[in-house]
Every structure is written in structure tokens, then in C-alpha cells.
Amino acid sequence: MSRAEAGRKRTPAVSERAQVATKRSEALSKMVALPGGTFRMGASGGHGHGHAADGEGPVRAVTLDPFRVDPCAVANTRFAAFVKDTGHVTDAERHGWSYVFAGLLPPALARASPAPDGTPWWRGVQEATWRAPEGPGSDVMRERANHPVVHVSWGDARAFAAWAGKRLPTEAEWEYAARGGLDQARYPWGDELTPRGRWRCNIWQGDFPARNTAEDGYVGTAPVDAYRPNAYGLFNTVGNVWEWVADRFTATHPAGPLVNPRGPQDDSGRDDSGGTERVLRGGSYLCHDSYCARYTVASRTANSPDSSSGNNGFRCAADAG
């Protein structure tokens, strides 16, 4: 084969790399660039503003390098493109089931699906996946294409982020971005849940878990760009869906000051070893004062990295460069 022929055969590969680089550049350009700096992370004291068992406190000074973050959680359309391009199979699809809120299910399916001990409003639904959030017969692409993808595990979220040329945000990055520049405010917009009587997030209203009045406009998930964004331009950083972040979970934290914290490390210094719980942030459409009240910018919970449910999703971050 001549050099000319070899060069022609290499051209498609070079072109493909250029296309990938262009797509990544376009994706990064749509992210919110944040300057970093020092902020006060965490919360302490008061109902709905500092759950000691969750490790929201102590309030601590954290300094971050500049970074980028997606304005919205990953929507079903974007996750569908990822699956089409890679053939990715989610953990829920491998397991064959996932947890769904019983109130979103047809009565017969709710009765037929097992409920875990202690949380009878959940059902383990066979074939509930990101494509079919309520199991067989449901379809996100009909009416929820722009809603956040759910039934995704921490591992699924990391796989998407790698495909997109991004990463999951650290927990500190997530909270810095969610706060929108406000110091120790309860919500992304301030301390009042419904300023001027208007709902600014998708959480439960009514009597949990029996009756949701949907005063905020939604019973289940809302579009990823519903409601007004915070001052940094991020949508739905409280309510709607819990969002996976990179960190392993711990309920104890050093008092600070901290610089670019990444959560607890294993003995090798890596933060990506499996088998331990990972952090989710921000609360979901199921949060209510009578149940968990975890819909503030400091709210956090944890789950195993292969777990999924109908109220967890994610957004991506990237380095500033």
C-alpha cells in the first residue's frame, strides 16, 4: 500500500476525532462557567435546614478551583442519544427491576409489586427502566423527553459523563453551584420556600404519601428547565430529582478550611472504588415536611452505586480548561 493510500485510509479516523473534539467543544460551551472561590458549605440547625444524621454539618469554609457545570439535569433525550451511540445497558436493566413510587402506578401493578420494609410507598417494579419509568406500558419519549432521566445508577451517570467528555461534579462543586452565590441561604433563591406565594421547585404538596395536590404544577418529574434558574443559571437544584455526585458518602466532615475536597478516599487514595455508598444531592418531587424535608441546597442522602429509582438523576461538570 502506498503512502498516499495509507493517508487516505487514515483520513476517516482523523475526521472522526475532529468531529468528537468539535462535539465536546460545543457541549462545553453550553455549560455554565463558574469562577470558584471560597464559600460556606453545609448547614446546621433548624427544621429542614441541617439534618445531623445526614452529615449536612458542620458549616465549613471550602475553596474551589474554577469549573463548569450543566445548567440542567441530563434529560431523557440526551440519555437516549448516549444509549444509541454506545449500547449502554443500565444497572436497572441488568437487575430487571427498579423502585417506583406507588402513587404513580396503575393500582393493579402497585398491588402486585413488592414494597420494601419501612417505606411502603415504594414498589419494586419489574422492567422499570429509564425508558419505562413506571414499568411496562410507560414511555418517557411520548411526553417526558425533556424531563430528567431517572432509574439511573451512579455507574450509569459516570458512563454518560465519560461519553460526553465530562464528569460528575464533586459534592462541593454541586453545592457551590446550587447555592447560586447566596451565603447560607436555605434555597437557591433565598430562605422563603414560596416567595410571593409562587412555587420555585417541584416537591410534594398535600399529605404524603396519600395525596399530592400538585400546587407546583407536577405530580411526578418536571422538565429539566422548569421554574426560574438560580443566579448562576442552574435549574432545579432542589426538588425534582436527587442528583448523583462523585463523592463517596460520609456523615462526618472536617471543620475546614478545605480546598477542592473530594470526599473520603480509600487506602490507595482513589475515590472510585466500588461497594460503598455514593452521595446524592438536592431532594426530589417526593420530598415533604412530614417525610424528609430534604429539599434545600444542603440536603444530601446516599445509596449504593448500582441502585436506582424513579426519583434520582444527575447533571455533569467539567474542568474549567
Side-chain angles (χ1 to χ4, degrees), residues 31-32 34 36 39-43 51 54-57 60 62-74 78-79 91 148-180 188 224 230 232 234-254 258-266 270-284 287 294-309 311-320:
M31 302 180 81
V32 176
L34 296 177
F39 78 108
R40 291 199 295 166
M41 182 176 179
H51 294 268
D54 293 349
E56 292 183 13
R60 52 211 182 270
V62 172
T63 301
L64 297 174
D65 292 335
F67 66 101
R68 297 175 184 267
V69 65
D70 283 342
C72 302
V74 173
R78 286 292 293 147
F79 199 80
D91 281 321
V149 63
V150 294
H151 296 297
V152 285
S153 69
W154 182 85
D156 299 325
R158 279 228 310 176
F160 175 94
W163 169 79
K166 303 176 184 179
R167 57 176 173 79
L168 292 182
T170 66
E171 184 174 14
E173 288 174 335
W174 189 97
E175 185 170 325
Y176 172 93
R179 288 185 176 279
V224 296
N230 70 10
Y232 286 162
L234 274 68
F235 294 85
N236 292 315
T237 54
V238 296
N240 213 21
V241 293
W242 285 99
E243 298 184 10
W244 290 106
V245 296
D247 301 38
R248 295 166 66 190
F249 181 83
T250 180
T252 59
H253 312 281
L258 305 173
V259 178
N260 296 319
R262 301 184 61 84
Q265 311 288 297
D266 66 13
R270 298 183 306 173
D271 65 354
D272 61 349
S273 60
T276 57
E277 291 188 324
R278 299 287 171 163
V279 179
L280 298 103
R281 296 298 306 259
S284 82
C287 286
R294 290 172 176 85
Y295 46 83
T296 74
V297 289
S299 297
R300 63 199 301 265
T301 190
N303 212 333
S304 56
D306 64 345
S307 293
S308 65
S309 68
N311 69 333
N312 65 264
F314 67 99
R315 76 180 68 210
C316 294
D319 295 343

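- For N236 (side chain) and A73 (main-chain N/O), no donor-acceptor pair under 3.5 Å exists by modelled atom type.
- The distance from the CZ atom of R158 to the SG atom of C316 is 12.0 Å, given to the nearest 0.5 Å.
- The two residues A317 and L168 come nearest to each other via the heavy atoms CB-C, 4.3 Å.
- Of the possible donor and acceptor atoms, one in the side chain of W154 sits under 3.5 Å from a partner among the backbone N and O of V245.
- With salt bridges taken as basic N to acidic carboxylate O contacts below 4.0 Å, one links R300 and E171.
- In this structure, D319 does not pair ionically with R68, as no charged nitrogen and carboxylate oxygen lie closer than 4.0 Å.
- Using a cut-off of 4.0 Å between Lys/Arg side-chain N and Asp/Glu carboxylate O, R315 and E243 are scored as salt-bridged.
- Ring orientation note: the planes of F39 and Y176 are nearly perpendicular, at an angle over 60° on the 30°/60° scale.
- Proximity of F67 to R167: side-chain heavy atoms (C-beta onward) are separated by under 4.5 Å at one or more points.
- Using a 4.5 Å heavy-atom threshold, the side chains of Y232 and L34 count as touching.
- Separation of atoms OG (S299) and CG (L280) is listed at 12.0 Å; rounding is to 0.5 Å.
- For the atom pair W242 CH2 and N311 CG, the distance stands at 8.5 Å (nearest 0.5 Å).
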Please determine whether side-chain contact (heavy atoms from CB on, under 4.5 Å) holds for the pair F160 and K166, giving the CA-CA distance in whole Å, both sets of side-chain angles, and the decisive distance to 0.1 Å.
CA-CA 8 Å; F160 175 94; K166 303 176 184 179; 5.9 Å; no

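- Counting all heavy atoms, side chain and backbone alike, P71 lies closest to V32 at CB-CG2, 4.0 Å.
- Formation of a donor-acceptor pair under 3.5 Å by the E173 side chain with backbone atoms of L64 is not found in this model.
- A heavy-atom distance below 4.5 Å is found between the side chains of N303 and W244.
- N312 pairs with exactly one of V152, V149, T301, V150 by the side-chain contact (heavy atoms from CB on, under 4.5 Å) rule, that one being V152.
- Side-chain atoms of R278 do not come within 3.5 Å of backbone N or O of F249 as any donor-acceptor pair.
- Between S308 and S153, the shortest heavy-atom distance links the atoms CB-N, 4.2 Å.
- Side chain of R281 to backbone of V297: a donor-acceptor contact under 3.5 angstrom is found.
- In the model, R262 has no side-chain atom that pairs as donor or acceptor with a side-chain atom of T170 under 3.5 Å.
- With hydrogens and angles ignored, the 3.5 Å screen pairs a side-chain donor or acceptor of N230 with a backbone N or O of A178.
- Here CE of M31 is found 11.5 Å from SG of C72. Values are rounded to the nearest 0.5 Å.
- Residues P254 and R60 have side chains not in contact (no heavy-atom distance under 4.5 Å, counting atoms from C-beta outward).
- With a 4.5 Å cut-off on side-chain heavy atoms, L258 and T63 do not count as touching.
- Note that the OG1 atom of T276 and the CG atom of D247 stand 11.0 Å from one another [nearest 0.5 Å].
- Here the straight-line distance linking atom CZ of R179 with atom OG1 of T296 works out to 7.5 Å at 0.5 Å rounding.
- Taking the side chain as every heavy atom from C-beta outward, V238 and P188 approach each other to under 4.5 Å.
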